[in-house]
Structure formats: C-alpha cells, structure tokens
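Heads up, the thing below is written out as structure tokens.
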2 protein chains.
Amino acid sequence: MAKHDPDLSLLFHALADPTRRSILTRLAETPARVTDLAGPTGLRLPTVMRHLSVLEQAGLITTSKDGRIRTCAIVPQALDPVRTWLDEQRAIWDARLDRLDAFVMNVMKESKE
Amino acid sequence: MAKHDPDLSLLFHALADPTRRSILTRLAETPARVTDLAGPTGLRLPTVMRHLSVLEQAGLITTSKDGRIRTCAIVPQALDPVRTWLDEQRAIWDARLDRLDAFVMNVMKESKE
DNA sequence: ATCATGCTTAGCCATATCGCTAACTATTCA
DNA sequence: TGAATAGTTAGCGATATGGCTAAGCATGAT
C-alpha cells in the first residue's frame with residue numbers, strides 16, 4: 001500500500017473544522033488580529049488561539065507579532081498539496097470509471113433484495 | 001461569518017487519516033472485500049471496519065453485501081464538494097494576492113527583530 | 001451437521017480534540 | 001505610575017478517535 005504524506009493529514013485535519021474554515025475565509029479577505037477573528041466566531045480567545053495554532057502548524061496561515069498585536073494571514077500556496085492529491089486521485093479514479101460502472105451496476109442489481 | 005457545509009467537515013475528516021487515504025487509493029484500483037483491505041494495512045478487521053464506516057458516512061465509498069462478503073468501492077463524484085471548495089478558496093485567495101504580498105513584505109521586515 | 005470463513009458487535013484503553021475559566025505577561029495609553 | 005488592552009499559558013471536563021480483544025452471527029464448503 002502506498003505511503004502517504006503526513007502533511008496531508010495535517011492539512012485535511014485543519015480543514016475538517018468549520019470554525020477553522022471560517023477563519024480561513026475571513027483571512028482570505030484581509031489579514032486580521034486574533035481578537036478580530038475571535039469576534040465573529042463567538043468563541044473565547046484561548047479557543048481561537050488553538051485553532052490558529054492548528055492552522056499555522058498545517059502551514060495554512062502565518063502570524064507575526066507587532067507589539068502586543070498578533071496579525072494572521074493566509075499562505076495561499078498552502079493548499080497546493082491538497083489540490084495535487086485531489087488531482088492525482090481524480091486521475092486514478094476516472095481511469096477506473098469503466099470498471100467501476102460495471103461494479104455499481106452489479107451492486108444495484110444485488111441490493112434489490 | 002459564513003456558514004460552512006457540514007459535509008465538508010465529514011469529507012475532510014475522512015481524508016485526514018493516512019490509513020483511510022491508503023484504502024481509498026487501493027479502492028481506486030479496483031473494488032475489494034473488507035479482508036482484502038485489512039491485509040495491507042496490518043490492522044485488525046474491526047479497526048478497518050470503523051475506517052470503512054467513516055469513509056462511507058462521508059460518502060466516499062459504497063459497500064454492498066453478497067452472501068457473507070462485503071464489497072467496497074469508491075464513489076468518484078464524492079470528492080466534488082472538496083474540489084469546489086478548493087476552487088472557491090483559490091479564487092478568493094488569489095484575488096487578494098496583491099494585498100497579501102504587501103502584508104507579507106511587512107511581516108518579513110518586522111520579523112527581523 | 002459441522003466447521004471454517006467473513007464480517008459484525010460490544011467494550012476496553014490511551015490519546016486527542018474542542019470548548020471553557022482563571023491567572024499571567026507584555027504592551028500601550030492616560 | 002497605573003490601568004486598560006492583547007495575547008498567552010495552564011489546566012479542567014466532556015467527547016471523539018484509533019487501536020485492540022473477545023465473542024457473536026451468518027454463510028459456504030465438506
């Protein structure tokens with residue numbers, strides 16, 4: 001069985017949370033402070049901090065601190081591995097579509113029990 | 001903040017595990033029985049079963065039982081929402097790239113402390 | 001009828017996740 | 001200097017995750 005990129009696990013896991021996806025969407029608009037990000041979520045600061053740290057460890061955002069203010073911004077190319085994996089899978093999956101179609105037909109026939 | 005598709009959470013979460021991605025890759029080759037999938041992973045059957053159930057709930061695979069044998073197959077279009085989300089994000093992220101570039105320059109300057 | 005095969009269920013254990021509060025540090029403003 | 005602001009750290013509790021074993025239940029072969 002194929003070896004699989006650990007980075008992909010981090011990325012997918014980071015993207016699996018709705019709050020984190022909101023944060024990303026918000027950051028796509030413009031960089032923002034931690035407090036700015038906490039506001040719309042209705043979550044407490046430490047909670048948001050943790051989400052940010054997950055996003056940062058996955059490489060999806062960068063943060064930098066100026067005085068007491070930490071500013072967060074997306075890292076656009078961070079989604080590239082995900083896109084690549086998706087493209088690879090689509091290529092393989094589509095290549096087998098004919099075989100799969102036959103199988104699905106079989107399944108549908110069988111599941112009429 | 002935008003509302004986010006719960007299906008995406010299921011999909012991303014299902015994809016976040018290397019074992020599950022291996023299973024998907026294996027299934028892309030050809031449909032397989034549960035035992036066939038368990039073999040290469042080195043995991044026990046109940047463990048594999050759980051992974052399969054996660055994949056099935058995310059809509060990534062279908063399974064059907066013929067006699068005592070359960071056969072699993074990928075659902076090719078299941079990745080579509082992921083791809084759509086990725087495309088949307090890229091559109092937004094790229095649209096802000098100019099602004100972001102300016103910000104990143106700023107960050108790099110600041111982080112030279 | 002019996003036995004092996006293939007899957008399924010129940011349940012245990014260790015760890016991770018996601019939310020919180022409380023308390024702390026560090027900056028900025030008055 | 002003192003107080004407000006922005007973030008951080010520590011740690012709690014409930015739940016989810018990912019692995020396992022043991023035992024159960026069908027089905028297929030002898």
Side-chain angles (χ1 to χ4, degrees), chain A residues 1 4 6-24 26-27 30-58 60-73 107 110-111 113, chain B residues 1 4 6-24 26-27 30-58 60-73 107 110-111 113:
Chain A
M1 191 139 330
H4 284 270
D7 292 354
L8 274 181
S9 298
L10 281 181
L11 281 169
F12 279 129
H13 172 250
L15 295 174
D17 185 284
T19 299
R20 288 196 285 268
R21 290 200 302 281
S22 323
I23 290 177
L24 282 182
R26 164 65 187 78
L27 283 181
T30 190
R33 301 177 309 159
V34 177
T35 310
D36 295 336
L37 296 172
T41 62
L43 298 175
R44 301 294 179 179
L45 267 186
T47 306
V48 173
M49 287 284 298
R50 186 160 284 202
H51 283 304
L52 291 177
S53 126
V54 169
L55 288 169
E56 192 169 17
Q57 284 198 7
L60 285 162
I61 68 172
T62 37
T63 75
S64 76
K65 204 164 175 181
D66 179 17
R68 61 183 165 176
I69 292 178
R70 177 172 300 280
T71 309
C72 311
V107 166
E110 283 167 2
S111 64
E113 55 195 23
Chain B
M1 190 144 326
H4 282 271
D7 292 354
L8 274 181
S9 298
L10 281 180
L11 281 169
F12 279 129
H13 172 249
L15 295 175
D17 186 285
T19 299
R20 288 196 286 267
R21 289 199 303 279
S22 321
I23 290 178
L24 282 181
R26 165 65 189 77
L27 284 180
T30 189
R33 301 178 308 158
V34 176
T35 310
D36 295 335
L37 296 171
T41 63
L43 298 176
R44 301 295 180 178
L45 267 186
T47 307
V48 174
M49 287 283 299
R50 187 161 283 208
H51 283 303
L52 291 177
S53 124
V54 170
L55 288 169
E56 192 168 17
Q57 284 198 7
L60 284 162
I61 68 172
T62 37
T63 76
S64 76
K65 204 163 174 182
D66 178 18
R68 60 184 166 176
I69 294 178
R70 178 172 297 281
T71 309
C72 313
V107 167
E110 282 166 3
S111 63
E113 56 195 22

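Proteins come first, then strands; the chains are lettered A, B, ... in the order of their sequence lines, and each starts at number 1. In this text, all values refer to a predicted model and were calculated from it rather than measured experimentally. Excluded from the calculations below are hydrogen atoms, water molecules and symmetry mates; all remaining heavy atoms, backbone and side chain alike, are included.
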With sequence neighbours excluded, what pairs up with [X] under the side chain to side chain contact (heavy atoms under 4.5 Å, CB included) test?
X: A:H51; answer: A:D17, A:T19, A:R20, A:I23, A:L43, A:T47
X: B:A38; answer: B:L45, B:V48
X: A:A16; answer: B:F12, B:H13
X: B:A32; answer: B:R26, B:L27, B:D36, B:L37

To the nearest angstrom, the CD1-P distance between B:I69 and C:dA4 comes to 18 Å

Length of the line joining B:L37:CG and C:dG6:P, which is rounded to integer Å:
13 Å

With side-chain contact (heavy atoms from CB on, under 4.5 Å) as the test, would you mind laying out the steps for A:D66 and A:T71 before giving the verdict?
CA-CA 8 Å; A:D66 179 17; A:T71 309; 5.6 Å; no

Scan nucleotides 17-30 of chain C nucleotide by nucleotide, 5' to 3', and note B when protein non-hydrogen atoms come under 4.0 Å of the base, S if they reach only the sugar-phosphate, - if neither.
SBSBBB----BS--

Qualifying residues under side chain to side chain donor-acceptor pair (under 3.5 Å), relative to B:E56, sequence neighbours excluded
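Partners of B:E56 by the side chain to side chain donor-acceptor pair (under 3.5 Å) criterion, ordered by chain and then number, come out as B:T63.
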
Heavy-atom side-chain proximity of A:V54 to A:L60 below 4.5 angstrom
no

Is any side-chain nitrogen or oxygen of B:R70 closer than 4.0 Å to OP1 or OP2 of C:dG6?
no

Along DNA chain D, 5' to 3', what are the outermost nucleotides having an atom less than 4.0 Å from a heavy atom of chain B?
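The protein-touched segment is D:dT17 to D:dG28.
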
Applying salt bridge (Lys or Arg N to Asp or Glu O under 4.0 Å) to B:R70 and not counting sequence neighbours gives none

